[in-house]
Novice: 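Quick one: the structure is below, questions incoming.
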Protein chains: 2
Amino acid sequence: MTTKTETMTRQAPAQDAGAFPVPRLDQQLCFALYSASGLMTKLYRPLLDPLGLTYPQYLAMLALWQHSPSTIGELGAALGLDSATLTPLIKRMEAGGLVTRRRDSADERRVLVEPTAKGEALRARMKDVQEGLSCAMPLERAELKALHGTLTRLVAGLREATADQD
Amino acid sequence: MTTKTETMTRQAPAQDAGAFPVPRLDQQLCFALYSASGLMTKLYRPLLDPLGLTYPQYLAMLALWQHSPSTIGELGAALGLDSATLTPLIKRMEAGGLVTRRRDSADERRVLVEPTAKGEALRARMKDVQEGLSCAMPLERAELKALHGTLTRLVAGLREATADQD
DNA sequence: TCCATTTAATTTGTACACGATTAATTAGTG
DNA sequence: CACTAATTAATCGTGTACAAATTAAATGGA
């Protein structure tokens with residue numbers, strides 16, 4: 001009588017009465033962020049492919065257009081990536097002719113990264129990327145604005161909360 | 001007189017009058033999502049490490065606790081990942097003793113994934129993970145709720161917008 | 001029944017992403 | 001000035017992540 005029901009259904013197994021309910025995937029904020037981020041990358045891909053850029057490389061170009069030359073460390077701070085990720089990423093961009101890398105003569109530890117003429121030329125094509133993207137965005141302009149604001153505060157808070165793990 | 005000013009400053013270069021302004025990193029929704037997602041992963045790491053789970057593996061366990069056995073394809077649909085990502089991920093979880101893999105005898109193409117006793121045992125430790133996490137979240141409960149709602153609609157819309165790229 | 005098509009998972013190749021370590025350089029202190 | 005401490009990239013190892021090609025199995029006609 002007690003062991004009889006243990007092989008009934010697999011769908012709601014072993015949930016003791018009063019036990020902590022296992023969090024559902026669709027109720028997890030982290031999963032919504034994870035999914036949204038991945039889908040945005042997928043949305044950018046066809047727009048960036050013809051430019052010879054991956055999505056992280058596109059972010060790096062945005063940072064460099066804003067401020068260059070930049071060191072690996074500065075790029076890392078701007079993008080939230082560490083040198084183990086950026087060093088090979090920048091080297092691939094260098095191989096693609098989009099940026100130059102050189103040691104800072106004033107401090108030989110630093111590596112200065114700067115767009116090439118070819119890299120600068122991509123600036124002119126950003127209009128199409130932005131337009132192509134905003135057309136595909138499923139939310140209202142005001143909603144996107146509000147979402148961006150909330151995310152910005154979330155990111156600022158998370159940076160503090162994870163600051164110890166560097 | 002014309003070529004004299006071309007080496008002035010590096011900070012605001014070559015922005016033709018009326019040209020499309022290069023989008024700023026901190027104004028890009030995609031970058032906010034990218035940063036937030038990465039920081040959430042970093043926030044989970046110390047909580048999941050003692051369980052022997054990476055963050056994507058944690059998501060896979062959530063999906064399996066919700067519904068198992070699941071095929072690779074079902075997990076892929078739930079998580080938004082393709083089989084080329086999931087196959088090795090699940091194999092690592094199998095090597096860690098958290099799940100079992102077996103071919104479906106009714107359809108030998110399918111692989112059924114199911115938590116082991118050890119995997120089921122992790123359920124009991126999810127309370128600590130959830131609590132440890134929500135303590136570190138920098139936003140108000142209501143704000144998080146609203147953010148989750150907006151993201152859910154964004155994800156649904158992006159799924160449609162990217163549905164052709166499968 | 002046979003075979004073309006479809007489906008499911010795996011494999012291969014490329015590109016992130018991070019923790020931990022290392023190597024080179026610079027800064028600081030006595 | 002010597003020598004240690006701190007800083008900066010690069011490297012190594014492991015784990016995602018996806019496109020494209022491959023293999024194996026099931027399905028749907030002719």
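In what follows, chains are A, B, ... by sequence order, proteins preceding strands, each numbered from 1.
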Novice: Taking the basic N atoms (NZ, or NE/NH1/NH2) and the acidic carboxylate oxygens, is any pair closer than 4.0 Å for R101(A) and E114(A)?
Specialist: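 Salt bridge absent between R101(A) and E114(A).
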
Novice: Between the side chains of R110(A) and D107(A), is the shortest nitrogen-to-carboxylate-oxygen separation below 4.0 Å, so that they form an ion pair?
Specialist: yes

Novice: Which residues pass the salt bridge (Lys or Arg N to Asp or Glu O under 4.0 Å) test with K127(A), not counting sequence neighbours?
Specialist: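 For K127(A), the residues satisfying salt bridge (Lys or Arg N to Asp or Glu O under 4.0 Å) (neighbours in sequence not counted) are E131(A).
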
Novice: Yes or no on side chain to side chain contact (heavy atoms under 4.5 Å, CB included) for S70(B) and L112(B), after CA distance, side-chain angles and deciding distance?
Specialist: CA-CA 5 Å; S70(B) 288; L112(B) 298 176; over 6 Å; no

Novice: Does the side chain of M40(B) reach to within under 4.5 Å of the side chain of L158(A), using non-hydrogen atoms?
Specialist: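 Yes, at least one pair of side-chain atoms sits under 4.5 Å.
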
Novice: Using the heavy-atom set of chain A and a strict 4.0 Å cut-off, write down the first and last nucleotide of DNA chain C that makes it in, 5' to 3'.
Specialist: dA15(C) to dT26(C)

Novice: Rounded at 0.5 Å granularity, tell me how far CZ in R109(B) sits from OG1 in T71(B).
Specialist: 11.0 Å

Novice: Kindly state which residues belonging to residues 47-60 of chain B come within less than 4.0 angstrom of DNA chain D, counting heavy atoms of the residue only, listed by number.
Specialist: T54(B), P56(B), Q57(B)

Novice: Is the closest basic N to carboxylate O distance between E120(B) and R123(B) below 4.0 Å?
Specialist: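 Counted as a salt bridge, because a side-chain N and a carboxylate O are separated by less than 4.0 Å.
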
Novice: For the pair made of CD1 in I90(B) and P in dA17(D), what is the distance, rounded to whole Å?
Specialist: 12 Å

Novice: Within the 4.0 Å heavy-atom criterion, would you say L86(A) contacts the bases, only the backbone, or no part of the nucleic acid?
Specialist: nothing

Novice: Any salt bridge linking E140(B) with K145(B)? Criterion: basic side-chain nitrogen under 4.0 Å from a carboxylate oxygen.
Specialist: no

Novice: Enumerate the residues from residues 101-110 of chain B whose closest heavy atom to DNA chain C is under 4.0 Å, giving them by residue number; use none for an empty result.
Specialist: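 Heavy-atom contacts with DNA chain C come from R101(B), R103(B), R109(B), R110(B).
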
Novice: What does T71(A) touch in the nucleic acid at a heavy-atom separation under 4.0 angstrom: a base, only the sugar-phosphate, or nothing?
Specialist: sugar-phosphate

Novice: So if I take every side-chain heavy atom of R45(A) and compare against dA17(D), dC18(D), dA9(D), which nucleotide ends up nearest?
Specialist: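 Taking heavy atoms from C-beta onward, the closest nucleotide is dC18(D).
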
Novice: Identify, with sequence neighbours excluded, every residue that meets side-chain hydrogen bond (donor to acceptor under 3.5 Å, both in side chains) alongside Y58(A).
Specialist: Q130(A), Q28(B)

Novice: Any N/O pairs under 3.5 Å between the protein and nucleotides 11-14 of chain D? List them or say none.
Specialist:
from: dT11(D); atom 1: OP2; to: K91(A); atom 2: NZ; distance (Å): 3.0

